[in-house]
Amino acid sequence: MNSEITVNVCLGTGGIAAGADMVMEAFRQEFESAGVKNASVQEHCKLHKVGCRGFCARDVLVDVTKGDNTWTYQYIQPEMVKRIVKDHVVDDKPITEWLVGDDYHTFHDNQTKIILADLGKIDPESIEEYLGVGGYTAAKKALTEMSPVEVIETMKKSGLRGRGGAGFPTGLKWSFCAANQADERYIICNADEGDPGAFMDRSVIEGNPHAVLEGMIIGAYAIGATHGYVYIRAEYPLAVNRLYIALDHAREKGFLGKKLFGTSFDFDIKVKLGAGAFVCGEETALIASIEGERGMPRAKPPFPANKGLWGKPTIINNVETLANIPPIINKGAEWFASIGSEKSKGTKVIALTGKIRNTGLIEIPMGTPLKDIIFNIGGGIEGDKLFKAVQTGGPSGGCIPQQHIDLPVDYEGLKSVGSMMGSGGMVVLDETDCMVNISKFFLEFTQSESCGKCVPCRIGTKRLLEILTRITEGNGKKGDIELLQTLAEDVRDSSLCGLGMSAPNPVISTIKYFRHEYEAHINHKKCPAKVCNKLLTFFIREDMCVGCGMCAKACSVSAITGEKKKPHHIDSSVCIKCGSCFDACKFSAVLKE
Amino acid sequence: MEKTQEAVLETIYQKCTANGDNIITALQQMQNEFGYVQEEAVNWYAERTNIPASRFYGVVTFYAQFHLQPRGKNIITVCQGTVCHVKGATRIIEKIREDIKLKEGQKTTKDMKFTLETVNCVGACSIAPVVIVNEKVFGKQSPTKIAQNLKPYKE
Ligand SMILES: Cc1cc2nc3c(=O)[nH]c(=O)nc-3n(C[C@H](O)[C@H](O)[C@H](O)COP(=O)(O)O)c2cc1C
Ligand code: SF4
Ligand code: SF4
Ligand code: FES
Ligand code: FES
């Protein structure tokens, strides 16, 4: 034992789900008991919890750092801890077979990290550690050395655009708000993150909550707000908890409250828990929700920057937008503007998921080609399957096919192919995914989340869903594709808020690029990807069937018969095509076509 | 209504509404205390605050978080977000329904042991499909795995 040793355990949501609490406890116990034999172990070992570093599929991830060297272990379970402490910590012999492989490094090395730089390194529940990496120096600089106008100008020059979806220039939005005569102004952090398939904002708040608070302090100073809110989903208990801890610590240090950094500026932040409605991510609905009403959008203008919460000028910014602000203040607008593409500056945090080898949270410079994200960072498609499409922008976005794989990922690029950045979710789909089913899935979502205030969205999404449902169930009619297209355009053009306006995007884009799949469902009553059960026939291959009877047990309508150890048989007149037998058979003897 | 229940509601009133908090917060508190939003509790509260009960009802039915029916001892939440969907959430739901013997259209088992709910993404997509039982997150689930994981909760 020669140098100081630090053991980092990932305690993000992914880590905890994989048992990180128990791993942490096991280390604590091992350190104690190993300490009896070797007094220096306990003294020189630091056990440290960190937030998500993006590769949650490999959790529990554990770093062992000795001096300048760090080893990272993957898939660690409590029972493995004893050996790590004994072999590696005490005897200096890393356990090579448990270490991460090259893919862990390609995953990280191909990224550019601004927002995620400190995630997975610092303890999110300790303000000291945030201070240790330069935390709150930007807020201090802005408040003590810059005028509000200078802060806004810096934001404008940096080219930062909102990360919550629409990509509106942040500096410009702030200047609109600041230009109003008002006795009171508000700043709200939008942490509603309702897009299914997105977890950037959750991870940032769980892994580095102070960065968001610091961004809010700077924003509040720039626009002259004395009160702020974080509107966060109640479905994110860990993020909510860490946010409360961070707020308490920031208040104790005097970074929130009265006379911040010795200036005359007062500012404090309250937390509002979202009650589970996707539409509340929309600015005017979010405001209604904070006011205690049903979260229904209203027509804009007036924009919240002029007339927002309680009728006062209000700025709403996304979590990631806010986390970009401290580095811009510290490193300058030119630095930020030098990263990214012509019209989209900086980086984007992306939740890369679906049928891909390396799923996780990544950060890339704006304008990075789609191909690099999927095949370099993501490591390509899982299994031996073929790439089919990538879905971006959640329910408001679209599906991008193979032919656009070189597309630069930024606001303009994604829009040019009928999708959008949205909050930054990216779901990779392979040949076993049915595009009609995907489109139906998103319509189910938007239809049930439509607030019902305006007719095109309320009724239009319902009709779109009905048509999609009948297509996937084998009842599609000639002309359904054209009907979907006209209806989709009507809903897009006449809805009141962004939810309705973008709800048809999944339908429009899948018809555009995967029309043949719709046609197969409608004209030939076939699902090429073999997903839509109603269009499939289930049967058992006699030569593969060992007669274990698992399928017959799984079938709720007793459509399967056969003697033990003899090939079984499905009676297709009884079968309700539920697919249970397909899942139950361990010998791949049940086939669907 | 029972005296103890009234006392609880009065505390919520003092803590929330009297402090300027909105009705969402008050309803969240009520649900925390009683497990679901009870009609009689809302009626009592509406009278106490002089806010029409219909406004409470409007809010309760708008947000997915509120429940108007009592829920079971264990809450099983299956993620039905995009990633969990493409990774087989539907089959997991079917398996759970079968496993805890839920009838068509039911959400809570007769013995009040389990309530099955769905959610649109819990933000743990890289370990999809995800099922949450009470507070515990189970990642990378399959129909067989979840049946296994539910066993301890049945006792
Ligand atoms: C239906 C709907 C849902 C939205 N959900 C979110 C969300 O979850 N998080 C978010 O930051 N923005 C969301 N937005 C965008 C916000 O309305 C708003 O544009 C954004 O928070 C502004 O912040 P920014 O300028 O920093 O991007 C949503 C918009 C719509 C129409
Ligand atoms: S577009 Fe949909 S969600 Fe938006 S206001 Fe209209 S009904 Fe509500
Ligand atoms: S698909 Fe369902 S109904 Fe048909 S044989 Fe298999 S288990 Fe039975
Ligand atoms: S939660 Fe552990 S790496 Fe994401
Ligand atoms: S889609 Fe299930 S956790 Fe995100």
Side-chain angles (χ1 to χ4, degrees), chain A residues 13-14 16-18 54-57 59 193-199 201-203 233-237 239 272-278 280 289-296 351-355 359-361 391 394-395 425 427 429 432-433 438 441-442 445 449 451 556 578-580 583-584, chain B residues 16-17 20-28 31 51 55-67 77 79-92 94-95 97-98 117-128 130-132 135-144:
Chain A
T13 291
I16 293 175
F55 218 165
C56 325
D59 266 316
E193 196 162 61
D195 275 19
F199 52 93
D201 297 347
R202 172 181 70 70
S203 302
R233 286 183 83 187
E235 285 93 338
Y236 286 175
K272 278 280 165 188
L273 294 186
F278 173 63
C280 286
S289 180
I290 292 186
E291 290 173 351
E293 300 301 324
R294 295 164 66 110
M296 288 200 178
L352 184 61
T353 56
K355 309 293 180 62
T359 60
L361 191 70
Q391 207 284 338
V427 186
L429 305 172
T432 64
D433 289 306
I438 294 290
F441 167 79
F442 283 117
F445 177 81
E449 293 296 331
C451 81
S556 57
C578 70
S580 298
D583 295 327
Chain B
C16 302
T17 314
D21 273 340
N22 62 44
I23 64 181
I24 296 181
T25 315
L27 285 163
Q28 282 170 337
Q31 181 155 300
I51 301 170
R55 266 188 64 206
F56 287 87
Y57 186 74
V59 169
V60 169
T61 51
F62 186 85
Y63 295 102
Q65 193 193 38
F66 295 115
H67 309 281
T77 314
C79 176
Q80 246 187 338
T82 321
V83 188
C84 292
H85 173 75
V86 299
K87 295 214 164 176
T90 318
R91 279 180 284 138
I92 290 177
E94 279 163 11
K95 180 73 192 183
R97 296 193 72 93
E98 187 192 309
E117 291 171 353
T118 59
V119 63
N120 291 309
C121 192
V122 291
C125 321
S126 38
I127 52 168
V130 177
V131 180
I132 301 175
E135 307 260 281
K136 175 136 180 63
V137 181
F138 294 98
K140 302 181 193 167
Q141 291 300 289
S142 69
T144 355

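Every chain is numbered from 1 and lettered A, B, ... according to where its sequence line falls, protein lines coming before strand lines. Heavy-atom basis, side chains included; hydrogens, waters and symmetry copies ignored.
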Q | Side chain proximity check, B/V59 to A/E293, heavy atoms < 4.5 angstrom | A | no
Q) Quick one: does B/Q65's side chain get under 4.5 Å of A/E235's, heavy atoms only? A) no
Does any backbone or side-chain atom of [X] lie under 4.5 Å from a heavy atom of chain A? Answer side chain, backbone, both or neither.
{"X": "B/S142", "result": "neither"}
{"X": "B/A128", "result": "neither"}
{"X": "B/Q28", "result": "side chain"}

Would you compute the distance between atom [atom1] of [X] and atom [atom2] of [Y] and round it to the nearest 0.5 angstrom?
{"X": "A/C578", "Y": "B/E98", "atom1": "SG", "atom2": "CD", "answer": "9.0 Å"}
{"X": "A/F445", "Y": "B/N120", "atom1": "CZ", "atom2": "CG", "answer": "4.5 Å"}
{"X": "B/C121", "Y": "A/E193", "atom1": "SG", "atom2": "CD", "answer": "7.5 Å"}

Top residue by heavy-atom pair count (under 4.5 Å) with chain A, among [options]?
{"options": "B/E94, B/K140, B/K136", "result": "B/K140"}
{"options": "B/C84, B/G58, B/G88", "result": "B/G58"}
{"options": "B/C79, B/G139, B/G123, B/P143", "result": "B/G123"}
{"options": "B/T77, B/V137, B/V130", "result": "B/V137"}

Do you know the tightest heavy-atom contact between [X] and [Y]?
{"X": "A/T359", "Y": "B/S126", "value": "OG1-CB, 3.2 Å"}
{"X": "B/V122", "Y": "A/Y236", "value": "O-CE2, 3.6 Å"}
{"X": "A/C451", "Y": "B/F62", "value": "CB-CE1, 3.9 Å"}
{"X": "B/T61", "Y": "A/R294", "value": "OG1-NH1, 4.0 Å"}
{"X": "A/A275", "Y": "B/Y63", "value": "O-CB, 3.3 Å"}
{"X": "A/K355", "Y": "B/V86", "value": "CE-O, 3.5 Å"}

**Q.** Part of A/D201 lying under 4.5 Å from any heavy atom of chain B
**A.**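 Neither part.
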Q.
Which atoms of A/F278 are under 4.5 Å from chain B, going by heavy atoms: the side chain, the backbone, both sets, or neither?
A.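 The answer is neither part of A/F278.
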**Q.** Test applied, side-chain contact (heavy atoms from CB on, under 4.5 Å); reference residue, B/C125; option that passes from A/L352, A/L361, A/T353
**A.** A/T353
What residue in [options] has the most heavy-atom pairs under 4.5 Å with chain B?
{"options": "A/S289, A/A198, A/G425, A/C280", "result": "A/S289"}
{"options": "A/G360, A/A234, A/A17", "result": "A/A17"}
{"options": "A/D433, A/T13, A/I438", "result": "A/D433"}

**Q.** Backbone N/O of A/I290 and side chain of B/N22: donor-acceptor pair under 3.5 Å
**A.** yes
